[in-house]
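Heads up: the structure comes next, in structure tokens.
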Amino acid sequence: MIKNNGKYDLTAAGSHILEVYMEAITKTEQIIEAKPVLRQFSPGNEPPVRPLSKSNIVVASDDQPHAPVFHYREQLTRRTIEPQYIVDPIANPTFDEVHHDLYKESQSVAVILNSSFKTSIENSGWLVDVSPEEMHVHPGNLSIGLVISEDDVLAIFYDEDWSVKVCVDSTNKKIVRWFTLYVMEKKADSKPLSK
């Protein structure tokens, strides 16, 4: 800082330090906003933080343990979404109706679920209608359920007990792209039910 006519002004060095400090505060705020989602990923595998922090993130709480579930279902019911992918890891009956409606109204959609829940297909209200060519069974442990279109993503994050803890609702192109790449990778690791 330099004194100029009785006032203190920043020097060039001070200005750069302030800029870095403000960027750090902004980044910290973004991380705090996105923390419920970031906890689900190992470092380097997470969605981009800035657009994620601007997404609608609904978290389960003691007062509203089903808030992410309600948000996911309500948004899928209210919005017009042409899904490209539906990932229903555990064939969750809570989402049977909304997933079935989306599937019936879409031209072409890939459906992915965990191999450990493959037996749920016969008991599911909607998976029985999915053509074997569109049904993909993932050999690993999928912990993210989602509906993704060209413009939207609604993703729910399951914990180890298969309870939904977080919902991400975004139309941000970077977030939609990140989840699209995530699903394409999971689909590539999956086997079509028809095989």
Side-chain angles (χ1 to χ4, degrees), residues 37 40-41 45 47 55-58 60 66-195:
V37 177
Q40 312 296 322
F41 297 94
N45 294 317
S55 300
N56 189 0
I57 299 173
V58 181
H66 304 296
V69 171
F70 293 149
H71 181 84
Y72 181 83
R73 276 188 21 194
E74 181 182 319
Q75 293 306 308
L76 289 177
T77 303
R78 289 176 49 210
R79 289 169 26 192
T80 303
I81 297 175
E82 178 75 31
Q84 296 170 321
Y85 299 98
I86 299 174
V87 179
D88 191 358
I90 64 171
N92 192 331
T94 306
F95 306 125
D96 272 359
E97 190 176 325
V98 293
H99 285 167
H100 189 254
D101 291 346
L102 285 170
Y103 179 75
K104 281 193 319 187
E105 294 169 16
S106 69
Q107 298 298 319
S108 175
V109 61
V111 177
I112 305 170
L113 77 149
N114 278 343
S115 61
S116 56
F117 291 92
K118 186 176 171 183
T119 56
S120 303
I121 294 171
E122 297 90 41
N123 303 324
S124 171
W126 79 284
L127 290 173
V128 292
D129 292 337
V130 177
S131 74
E133 295 78 33
E134 292 176 320
M135 175 72 73
H136 302 271
V137 180
H138 189 272
N141 189 13
L142 296 172
S143 60
I144 303 174
L146 58 84
V147 170
I148 191 163
S149 72
E150 229 174 80
D151 305 312
D152 300 85
V153 63
L154 277 150
I156 50 175
F157 292 79
Y158 291 91
D159 67 9
E160 60 279 351
D161 297 321
W162 299 112
S163 295
V164 178
K165 293 300 178 189
V166 181
C167 177
V168 173
D169 178 355
S170 186
T171 56
N172 180 281
K173 290 188 185 318
K174 289 182 180 177
I175 295 298
V176 172
R177 178 163 169 65
W178 187 91
F179 277 104
T180 300
L181 292 172
Y182 168 85
V183 173
M184 289 170 70
E185 180 184 301
K186 299 305 178 190
K187 183 182 173 194
D189 293 341
S190 302
K191 289 188 175 153
L193 188 63
S194 57
K195 291 187 177 176

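- Annotation: side chain of His100 is in contact with side chain of Lys104 (closest heavy-atom distance under 4.5 Å).
- Between Lys165 and Asp159, the shortest heavy-atom distance links the atoms CE-OD2, 3.0 Å.
- Taking CG from Leu76 and NE2 from His71, the interatomic distance works out to 9.0 Å, rounded to the nearest 0.5 Å.
- The pair Asp151-Arg79 fails the salt-bridge criterion, with no side-chain N (NZ, NE, NH1 or NH2) lying under 4.0 Å from an Asp/Glu carboxylate O.
- Smallest separation of non-hydrogen atoms from Thr94 and Val69: CG2-CG1, 3.7 Å.
- Just one residue in the list Leu146, Leu102, Ile112 forms a side-chain contact (heavy atoms from CB on, under 4.5 Å) with Ile86, and that residue is Leu102.
- Put simply, the side chain of Ile156 reaches to within 4.5 Å of the side chain of Cys167, judged on heavy atoms.
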side-chain contact (heavy atoms from CB on, under 4.5 Å) between Tyr72 and Val58, intermediate numbers included: CA-CA 9 Å; Tyr72 181 83; Val58 181; over 6 Å; no
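- For the atom pair NE2 of His136 and NZ of Lys186, the computed distance is 15.0 Å after rounding to the nearest 0.5 Å.
- Residues Asn114 and Asn141 are in side-chain contact: their nearest non-hydrogen atoms beyond the backbone lie under 4.5 Å apart.
- The closest side-chain heavy-atom distance from Glu105 to Ile81 is not below 4.5 Å.
- In this structure a side-chain-to-backbone donor-acceptor pair under 3.5 Å is present from Asp88 to Asn92.
- For the pairing with Ile148, the side-chain contact (heavy atoms from CB on, under 4.5 Å) check across Ile175, Leu154, Val153 returns one residue only, Val153.
- Across all their heavy atoms, Ser55 and Asp169 have their closest contact at CB-O, 3.8 Å.
- No hydrogens or angles considered: nothing links the side chains of Ser170 and Asn172 as a donor-acceptor pair under 3.5 Å.
- Using a 4.5 Å heavy-atom threshold, the side chains of Tyr103 and Glu134 count as touching.
- Here CZ of Arg177 is found 8.5 Å from CE of Met184. Values are rounded to the nearest 0.5 Å.
- The closest side-chain heavy-atom distance from Val87 to Lys187 is not below 4.5 Å.
- Side-chain contact between Glu150 and Gln84: present, with at least one pair of heavy atoms (C-beta onward) separated by less than 4.5 Å.
- Between Pro139 and Ser115, the shortest heavy-atom contact is O-OG, 3.6 Å.
- The aromatic rings of Phe179 and Tyr182 lie perpendicular to each other, with more than 60° between the two planes, well past the 30° mark.
- Looking at every heavy atom in both residues, Glu82 comes nearest to Ser149 through O-CB, 3.2 Å.
- Tyr158 places none of its side-chain heavy atoms less than 4.5 Å from the side chain of Leu142.
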